[in-house]
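One structure is given below, encoded as structure tokens.
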Amino acid sequence: MCSKLRSSKTWTICYILFFFRVTTTSTMVKVGKMKGKKDASGAKTGQAMQFNHALGQHILKNPLIVQALVDKSALRNTDTVLEIGPGTGNMTVKMLEKVKRVIACELDPRMVAELQKRVQGTHFQTKLQIVVGDVIKTELPFFDVCVANVPYQISSPLVFKLLLHRPFFRCAVLMFQREFAQRLVAKPGDKLYCRLSINTQLLARVDHLMKVGKNNFRPPPKVESSVVRIEPRNPPPPINFKEWDGLTRICFVRKNKTLGAAFGQNGVLLVMEKNYKVHKAVLNEAVPADFKIKDLIDTVLNDSGFREKRARTMDIDDFMKLLQVFNAAGLHFA
């Protein structure tokens, strides 16, 4: 009897193990089917598009935010709009309803195919032009308004590419990482006030429009976002921008230092001396044998009252005056 009992228990255990194995295998097969197979390139098939984090692909999914961006752009039915990074076209379609033409600049061929598919066979198809490539390396066509959910890694070069674009456009409504947007609109004395702030505000009026939480995107980014409006100054200020950029670069390396300390660094003195001698050579003027660049810079800073000033508290007018007194003394930055 004991032998029969042991035999019965053994068969029961074997049956349970067999059943568990079959069930587990079946579950694994189902999970595998749900995940989808991979093609030759390693990309998953049979499911939603995989976004490329390296390209900063975070699709704006909230229709209310999309509509707010379009509304704040104040689009006209005669406008040509440049959209950078259209993604799957959520905002593109909204703008096509309002304007004459949309030029969408997209780097990812998968997104291009998705966007083409979305307008194919509709009356929007003839109003949409797609430019495939890196917007930073692409020569931009004429446009009236730029609207974009900007990939964060190209934020700074894109801003200055737009501001140097000719002919002038009316405005740009752009979504950036929150901190970058705050730097664009920062004023003298603000913690985030920097070279980006003053260089942008020299060439354009910049306004913060709204904040956008990270849960409004798919997939959500790690940071919050903000929307700004950039309106180029037309005509631009009558200064040499290369000179201006060279000056602000020196002043903002250590924005909390006095200008006397900033211009007293050896590297700065060497560059300033070289530029001074080139300037004198162009004018066919001799440089005195006992000339010291530091003495000349100190004289300019003392006489103009800028020696103890700090870049973080100086506004555009201050920097314009400083550039003027340096240039008048034969000191140049480009």
Check the hydrophobic clustering (I, L, V, M, F, W, Y; side-chain heavy atoms under 4.5 Å; chains of links allowed) and say if [X] and [Y] are grouped together.
X	Y	value
V66	M210	yes
I250	V271	no
L331	V325	yes
L192	F252	no
L270	L301	no

| request: Could you tell me whether D190 and R312 make a salt bridge, using a distance below 4.0 angstrom between a side-chain N and a carboxylate O? | output: no

| said: Show, in sequence, the C-alpha distance, side-chain angles and deciding distance for V99 and V145, and conclude whether the side-chain contact (heavy atoms from CB on, under 4.5 Å) test is met. | reply: CA-CA 10 Å; V99 302; V145 178; over 6 Å; no

| message | Walk me through whether V253 and V268 qualify under side-chain contact (heavy atoms from CB on, under 4.5 Å). | response | CA-CA 11 Å; V253 167; V268 174; over 6 Å; no

| Quick one: are the ring centres of F326 and F263 less than 6.0 Å apart? |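 Centroid separation for F326 and F263: below 6.0 Å.
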
| said: Before we go on, tell me: are the rings of F168 and F143 under 6.0 Å apart, centre to centre? | reply: no

Other residues, nucleotides, ligands: >12 heavy atoms within 6.0 Å of [X] [atom1]:
X	atom1	result
K309	NZ	no
K98	NZ	no
Q324	CD	no
R233	CZ	yes

[atom1] of [X] to [atom2] of [Y]: how many Å apart, nearest 0.5 Å?
X	Y	atom1	atom2	value
N62	L64	CG	CG	5.0 Å
L75	K100	CG	NZ	14.5 Å
I84	K161	CD1	NZ	9.5 Å
L296	M272	CG	CE	8.0 Å
E243	T248	CD	OG1	11.5 Å
T138	L107	OG1	CG	8.5 Å

Side-chain heavy-atom pair [X], [Y] within 4.5 angstrom cut-off:
X	Y	value
D144	F169	no
V93	T122	no
F124	E97	yes
S225	F176	no
K222	Y152	no
I230	V173	no
F333	D245	no
Q201	I316	yes

| query | Do any N or O atoms from the side chain of Q177 and from the backbone of E179 form a donor-acceptor pair under 3.5 angstrom? | reply |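 A pair under 3.5 Å: no.
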
| query | Taking D318 for the side chain and D315 for the main chain, is one N or O donor matched with an acceptor at less than 3.5 Å? | reply |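 Present.
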
| task | Let me know which of P236, P237, S197 forms a side chain to side chain contact (heavy atoms under 4.5 Å, CB included) with L202. | result | P237

Minimum heavy-atom separation for [X] and [Y], please, with both atom names.
X	Y	answer
A311	Y193	O-CE2, 3.6 Å
L96	K127	O-NZ, 2.6 Å
A334	N275	N-ND2, 4.0 Å
N90	L60	ND2-O, 3.2 Å
V223	K214	O-CB, 3.5 Å
R310	N256	NH1-O, 2.7 Å

| Modelled atom types, side-chain donor and acceptor of E114 and T88, under 3.5 Å |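 There is no such pair between these side chains.
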
| request: Assess the side chains of R178 and S226: does a donor N or O sit below 3.5 Å from an acceptor N or O? | output: yes

| request: Start with the C-alpha gap between D79 and R170, add the side-chain angles, then the distance that decides, and say whether salt bridge (Lys or Arg N to Asp or Glu O under 4.0 Å) holds. | output: CA-CA 10 Å; D79 280 341; R170 190 166 73 247; 2.7 Å; yes

| V185/D207 under side-chain contact (heavy atoms from CB on, under 4.5 Å): CA gap, chis, key distance, verdict | CA-CA 6 Å; V185 301; D207 297 301; 6.0 Å; no

Under 3.5 Å, which donor-acceptor pairs do the side chains of residues 282-295 form with other protein atoms, sequence neighbours left out?
from	atom 1	to	atom 2	distance (Å)
E285	OE1	K280	NZ	2.8
K294	NZ	D298	OD2	3.1

| query | Would E83 and M95 satisfy side-chain contact (heavy atoms from CB on, under 4.5 Å), going step by step from the backbone distance to the final call? | reply | CA-CA 9 Å; E83 184 182 11; M95 293 191 293; 3.5 Å; yes

